[in-house]
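Please read the structure below before turning to the comments.
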2 protein chains.
Amino acid sequence: MAERESDRSVSQTVRAQLSLRDLILSGDLRPGERISELQAVETTGASRTPVRMALVRLEEEGLLEAIPSGGFMVKTFSERDVIDSIELRGTLEGLAARFAAERGASSRDLEPLKRCLDEIDGVVRQDPISVDAFSSYVALNARLHAMLTELSRSPPLIRQVDRASALPFASPSGFVMTQSTLPDARDTLMIAQDQHRVVIDAIENREGARAEAIMREHARVAARNLRLVLQKKTHFDLLPGLALIRMAGE
Amino acid sequence: MAERESDRSVSQTVRAQLSLRDLILSGDLRPGERISELQAVETTGASRTPVRMALVRLEEEGLLEAIPSGGFMVKTFSERDVIDSIELRGTLEGLAARFAAERGASSRDLEPLKRCLDEIDGVVRQDPISVDAFSSYVALNARLHAMLTELSRSPPLIRQVDRASALPFASPSGFVMTQSTLPDARDTLMIAQDQHRVVIDAIENREGARAEAIMREHARVAARNLRLVLQKKTHFDLLPGLALIRMAGE
DNA sequence: TGGACACTACATGTATACAATATCCGGCAA
DNA sequence: TTGCCGGATATTGTATACATGTAGTGTCCA
């Protein structure tokens with residue numbers, strides 16, 4: 001992976017973390033494989049201290065698992081693990097939406113979300129949707145989800161949602177790119193966008209239970225896409241991290 | 001704090017982490033205060049490398065906050081933060097209970113929980129309840145909650161519940177000791193224990209929604225106790241970590 | 001007298017040397 | 001042939017020296 005110019009300015013620890021994360025998510029480091037510090041030192045260019053730091057952070061992130069006797073290995077996930085992670089993220093986002101509704105969000109607070117909503121409408125309106133448009137959707141979707149979580153105004157909750165979304169296949173935008181090749185891709189996006197609209201409406205009207213339920217169901221769209229992708233066993237390249245999923249028989 | 005004999009066998013990193021955690025929770029290190037590595041090296045006896053390791057882990061644990069320019073400071077929590085953390089923990093435990101109910105738990109699985117339930121009954125039956133009995137309750141309660149979470153059979157969820165319970169004031173047994181001095185202490189324990197019984201019954205009968213709702217409500221008992229404790233501004237010593245809570249006016 | 005700049009001191013980020021320990025392989029004995 | 005023991009090797013855990021950047025303080029100039 002080519003070193004980006006911006007990497008120069010940041011710390012070795014961060015650089016090592018980014019570099020190792022890429023290696024793990026791309027599947028270059030196999031699931032279950034032990035990560036040798038010395039080897040990581042060679043590939044990242046940093047010395048052992050920042051590499052160790054990066055390994056600890058990647059463990060907390062959920063990508064690595066500590067080996068009892070020392071060191072780390074790449075974590076493997078079952079299909080069930082992934083589905084549970086998505087459900088978990090949806091539950092936390094649901095809680096955030098409920099908090100937002102119960103605590104009230106002024107029209108000033110909601111204005112940027114509605115603008116984001118409109119932008120997504122612009123993307124989804126085209127038929128068929130171009131690959132570029134899918135990319136735009138991913139970015140806008142991520143922004144909308146981040147803003148919805150922020151609306152809870154609960155730092156502890158925001159923190160946990162971020163952690164739950166750290167795994168790429170559990171993140172709100174994880175499976176968007178993978179579904180871009182599916183025949184009913186646009187329909188799915190329309191449905192998801194409708195859920196966006198409904199949850200904001202619910203928050204505006206202080207309907208906590210409704211907002212929570214919708215966000216939970218919204219996450220399950222991703223779970224559905226996961227199943228489709230795993231069935232087809234294709235487009236694995238569109239979502240980094242899919243290499244970490246161990247299928248039932250393996 | 002006296003070093004325990006068992007500390008000898010574990011790594012310097014873990015030793016430093018335990019030592020620093022105690023220092024933070026006891027309030028010896030003030031909220032907002034920057035933690036100097038050198039100072040930490042002196043107090044813990046370990047060298048800088050394991051100390052830094054411990055600091056990173058304590059940040060992930062939620063006790064420390066990274067300073068943009070480098071280093072860490074002790075995190076401060078508002079009353080709202082604490083209440084949200086409890087609600088968060090309850091929500092996750094609720095999800096675990098729902099999973100347990102939906103996925104089914106055999107009577108073999110439930111047997112140890114019921115035994116634990118009986119043991120708690122034995123503790124709660126006495127009137128008045130001794131301080132020792134409160135301690136027993138804390139241990140049994142922690143075990144029961146751990147077993148309930150395990151019943152979800154979802155490693156990602158178990159992981160998140162553990163993280164959410166890491167903050168002492170968010171943990172299931174956090175406020176039990178603080179309420180030991182309250183006049184209606186026994187009644188509260190009885191109510192909590194009844195919720196334990198109900199949630200296990202719900203899981204047994206595969207009533208997912210009911211199990212989830214009860215676990216959420218169960219956590220709110222802790223939130224009530226928090227408010228009582230903060231009102232009285234007493235018994236701060238009974239729950240380490242209470243020193244981290246900054247009251248509204250401060 | 002106030003502000004800005006420079007210098008100093010100190011704290012953190014990084015690299016590396018050293019120590020302890022786990023793992024692996026080979027040989028020996030049952 | 002299999003299991004166990006022991007040593008060699010490699011890997012991680014720890015300590016410390018060095019580099020770099022930040023913050024604080026004092027002085028000088030306007």
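A quick note: this is a predicted structure, and the numbers were derived from the prediction, not measured. Each chain gets a letter, A, B and so on, in the order the sequences are listed, and its residues count up from 1.
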Using nucleotides 17-22 of chain C, report all nitrogen or oxygen pairs with the protein that are shorter than 3.5 Å.
none

(Q) Return whichever of B:T49 or B:G71 has its heavy-atom-nearest nucleotide of DNA chain C closer to the 5' end. (A)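 Between the two, 5'-proximity favours B:G71.
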Q | Covered region of DNA chain D, 5' end to 3' end, by chain A [heavy atoms, under 4.0 Å] | A | D:dT12 to D:dT14
Q) Which part of the nucleic acid does B:L55 contact within heavy-atom distance under 4.0 Å: base, sugar-phosphate only, or nothing? A)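 Nothing: the residue B:L55, judged by heavy atoms under 4.0 Å, touches no strand.
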Q: Would you classify B:I35 as touching base, sugar-phosphate or nothing, given that sugar-phosphate means primed atoms plus P, OP1 and OP2, and contacts are heavy atoms under 4.0 Å?
A: sugar-phosphate
**Q.** Exercise: do A:D81 and A:S78 side chains pair donor with acceptor under 3.5 Å
**A.** yes
Determine, for [X] against [Y], whether the closest basic-nitrogen to carboxylate-oxygen distance falls under 4.0 angstrom.
X	Y	result
B:E59	A:R57	yes
A:D109	A:R103	no
B:E61	B:K75	no

**Q.** Whether A:H196 and A:Y137 hold their rings parallel, tilted or perpendicular, with breakpoints at 30° and 60°
**A.**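 Answer is parallel, since the angle falls under 30°.
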**Q.** Integer-rounded Å distance: C:dC10 P and B:L38 CG
**A.** 10 Å
Q: Starting at atom CZ of A:R52, determine the distance to atom P of C:dG13, rounded to an integer number of angstrom.
A: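 Those two atoms, CZ and P, are 16 Å apart.
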(Q) When you measure from the side-chain N and O atoms of A:T13 to the phosphate of C:dT14, is any distance below 4.0 Å, counting only OP1 and OP2? (A) yes
Q | Close side-chain approach of B:T13 and B:T49, heavy atoms under 4.5 Å | A |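 No, too far: nothing below the 4.5 Å cut-off.
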Q | A:E111/A:R115 under salt bridge (Lys or Arg N to Asp or Glu O under 4.0 Å): CA gap, chis, key distance, verdict | A | CA-CA 6 Å; A:E111 201 266 325; A:R115 248 186 307 128; 3.0 Å; yes
Q) So among A:V41, A:I35, A:V56, which one has a side-chain contact (heavy atoms from CB on, under 4.5 Å) with A:V51? A) A:V41
